[in-house]
Amino acid sequence: MIEVLVNADDFGLTKAVNYGILDSHKYGIVNSATIMMNAKATEHAIEIAKKTPSLKVGIHLVLTWGKPLLSDVPSLVDESGFFKKQALIYGDPAGISLRELEREWSAQIERFLEFGLFPTHFDSHHHVHGITAFLPVIKKLSDKYGLPVRKAGRHLAGIQTVTDVFLDDFYGDMVVEDYFQNLKGRVPDGASVEIMTHPAYMDEELMEVSSYNDKRLKETRILTQAKLPEGFSLRFSINQVKI
């Protein structure tokens, strides 16, 4: 049997995103979500998480969207105080202070804990936790909080990962009706797999804050209707660590 974690990223981005994730869980195959701790609808997502204990909830660490929680992390921000753009982070990871990065990401995790929830795992917006230069910070956070990490398409040496396999291609033009039925043959028997998703409903705020918007609505529809093929199971256990 192949265990499947269908994770909805960007929980907290907008209320329309939150409701799309909730319905994709209640009526579909999403069994996990990761929350952005610096968004306008973060607290709304927390409320939903507290009322929906069947939904596994982790943390979506942010470095490339919005503003940091801390005010004294100059290497992470542009002249306006917003996080640097994704292209700048990937183009010059050495320009990021690992000390500042650890402090900011620790603040995001600590904010999650302040709400009285316990995270199952963590990943990151735009997969920045997979940047090689940042791996020392990821290992420190994983060890400190006892949390597994999204595999992010690579082996994170010495770091516990959530699953054996990570698939990030249910996105954009690959958001197709038969995506989940076609999982057979993509994952070794007996392994575990995480599938990244971005379900949402549409609102004006989502149009303003994300260039990936209308496809999220299609994702929601597919995720609420999809069935996993024989041999795949949504029964997935992540040890929740009380800190």
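If you read the sequence from its start, that first residue is 1, and numbering goes on from there. These numbers come from the heavy atoms of this one structure, side chains and all, not from hydrogens, waters or symmetry mates.
Contact record, Ala33 with Ile21: CB-CG2, 3.9 Å, taken as the closest heavy-atom pair. Of all heavy-atom pairs between Leu206 and Ala200, the closest is CD2-CB, 4.0 Å. Taking every heavy atom of both residues into account, Val62 and Phe83 meet most closely at O-CZ, 3.5 Å. Of all the heavy atoms in Lys50 and Leu117, the pair that sits closest is CG-CD2, 3.9 Å. Across all their heavy atoms, Ser192 and Val162 have their closest contact at OG-O, 4.4 Å. Closest non-hydrogen pair, Met37 versus Ile59, comes out as CG-CG2, 4.3 Å.
Criterion: ILVMFWY side-chain heavy atoms under 4.5 Å apart, direct or through other members. Under it, Met1 and Leu167 are not part of a common hydrophobic cluster. Cluster annotation: Ile96 is not connected to Phe82 through the hydrophobic network of ILVMFWY side chains, with a link wherever side-chain heavy atoms come within less than 4.5 Å. The same ILVMFWY cluster, assembled from side-chain heavy atoms under 4.5 Å apart, contains both Met36 and Tyr212. Taken together through direct or relayed side-chain contacts under 4.5 Å among Ile, Leu, Val, Met, Phe, Trp and Tyr, Leu69 and Val137 form parts of separate hydrophobic clusters. Linking Ile, Leu, Val, Met, Phe, Trp and Tyr residues whenever their side-chain heavy atoms come within less than 4.5 Å leaves Leu88 and Phe134 in two separate clusters.
No side-chain donor from either of Thr14 and Glu205 sits under 3.5 Å from a side-chain acceptor of the other. Side-chain contact check for Tyr201 and Asp23: at least one donor-acceptor pair (N or O, by modelled atom type) lies under 3.5 Å. Residues Asp123 and His129 bring no donor and acceptor atom of their side chains to less than 3.5 Å of each other. For the residue pair His125 and Asp9, no side-chain donor N or O sits within less than 3.5 Å of a side-chain acceptor on the partner.
Remark: the backbone N or O of Gly81 is paired with a side-chain donor or acceptor of Asp78 at under 3.5 angstrom. Without hydrogens or angle criteria, Thr64 side chain to Lys85 main chain gives no donor-acceptor distance under 3.5 Å. At least one donor-acceptor pair under 3.5 Å links the side chain of Ser24 to the backbone N or O of Gly20. A distance-only check finds a donor-acceptor pair linking the side chain of Glu104 to the backbone of Leu70 [under 3.5 Å]. Judged purely by atom type and a 3.5 angstrom limit, Trp65 has no side-chain atom pairing as donor or acceptor with the backbone of Ala39. Using modelled atom types, no side-chain atom of Glu194 and backbone atom of Lys151 make a donor-acceptor pair closer than 3.5 Å. Side-chain atoms of Asn31 come within 3.5 Å of backbone N or O of Val6 as a donor-acceptor pair. In terms of modelled atom types and a separation under 3.5 Å, the side chain of Thr224 and the main chain of Gly28 share no donor-acceptor contact. Of the possible donor and acceptor atoms, one in the side chain of Gln181 sits under 3.5 Å from a partner among the backbone N and O of Lys227. Side-chain atoms of Lys140 do not come within 3.5 Å of backbone N or O of Glu102 as any donor-acceptor pair.
The pair Glu110-Arg103 does not meet the salt-bridge criterion, since no charged nitrogen lies less than 4.0 angstrom from a carboxylate oxygen. Comment: Asp169 engages Arg186 in a salt bridge, judged by a side-chain N to carboxylate O separation of less than 4.0 angstrom. Salt bridge status for Arg221 with Glu177: present, with a side-chain N to carboxylate O gap under 4.0 Å.
For Lys84, the NZ atom sits in a packed shell: over 12 heavy atoms of surrounding residues, nucleotides or ligands are nearer than 6.0 Å. Heavy-atom neighbours of Lys218 NZ from other residues, nucleotides or ligands within 6.0 Å: above the threshold of 12. More than 12 non-hydrogen atoms from other residues, nucleotides or ligands lie less than 6.0 angstrom from OH of Tyr90. Counting heavy atoms of neighbouring residues, nucleotides and ligands inside a 6.0 Å radius, atom CG of Asp178 exceeds 12 of them. Within 6.0 Å of CE on Met174 lie more than 12 heavy atoms contributed by other residues, nucleotides or ligands.
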Problem set entry | Residue pair His60, Phe112: steps toward the ring pair (Phe, Tyr, Trp, His ring centres under 6.0 Å) verdict | CA-CA 10 Å; His60 200 53; Phe112 183 103; over 10 Å; no
Exercise. Between Phe11 and Leu55, does a side-chain contact (heavy atoms from CB on, under 4.5 Å) hold up when you go through it step by step?
Worked result: CA-CA 12 Å; Phe11 202 18; Leu55 179 66; 4.2 Å; yes
For this session: Go through the steps to decide whether Leu5 and Lys56 satisfy the test side-chain contact (heavy atoms from CB on, under 4.5 Å), and finish with yes or no.
Result: CA-CA 9 Å; Leu5 190 75; Lys56 298 174 179 66; 4.0 Å; yes
For this session: Go through the steps for Ser210 and Arg216 under the test side chain to side chain donor-acceptor pair (under 3.5 Å), then give the verdict.
Result: CA-CA 10 Å; Ser210 176; Arg216 294 180 191 253; 3.1 Å; yes
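Applying the salt bridge (Lys or Arg N to Asp or Glu O under 4.0 Å) criterion to Arg99, with sequence neighbours excluded, gives no partner residue. For Asp92, the side-chain contact (heavy atoms from CB on, under 4.5 Å) partners two or more places apart in sequence, or in a different chain, are Ala94.
Using cut-offs of 30° and 60° for the angle between ring planes, the Tyr179 and Phe170 rings count as tilted.
Counting heavy atoms from C-beta outward, Ser124 and Arg150 have side chains that stay 4.5 Å or more apart.
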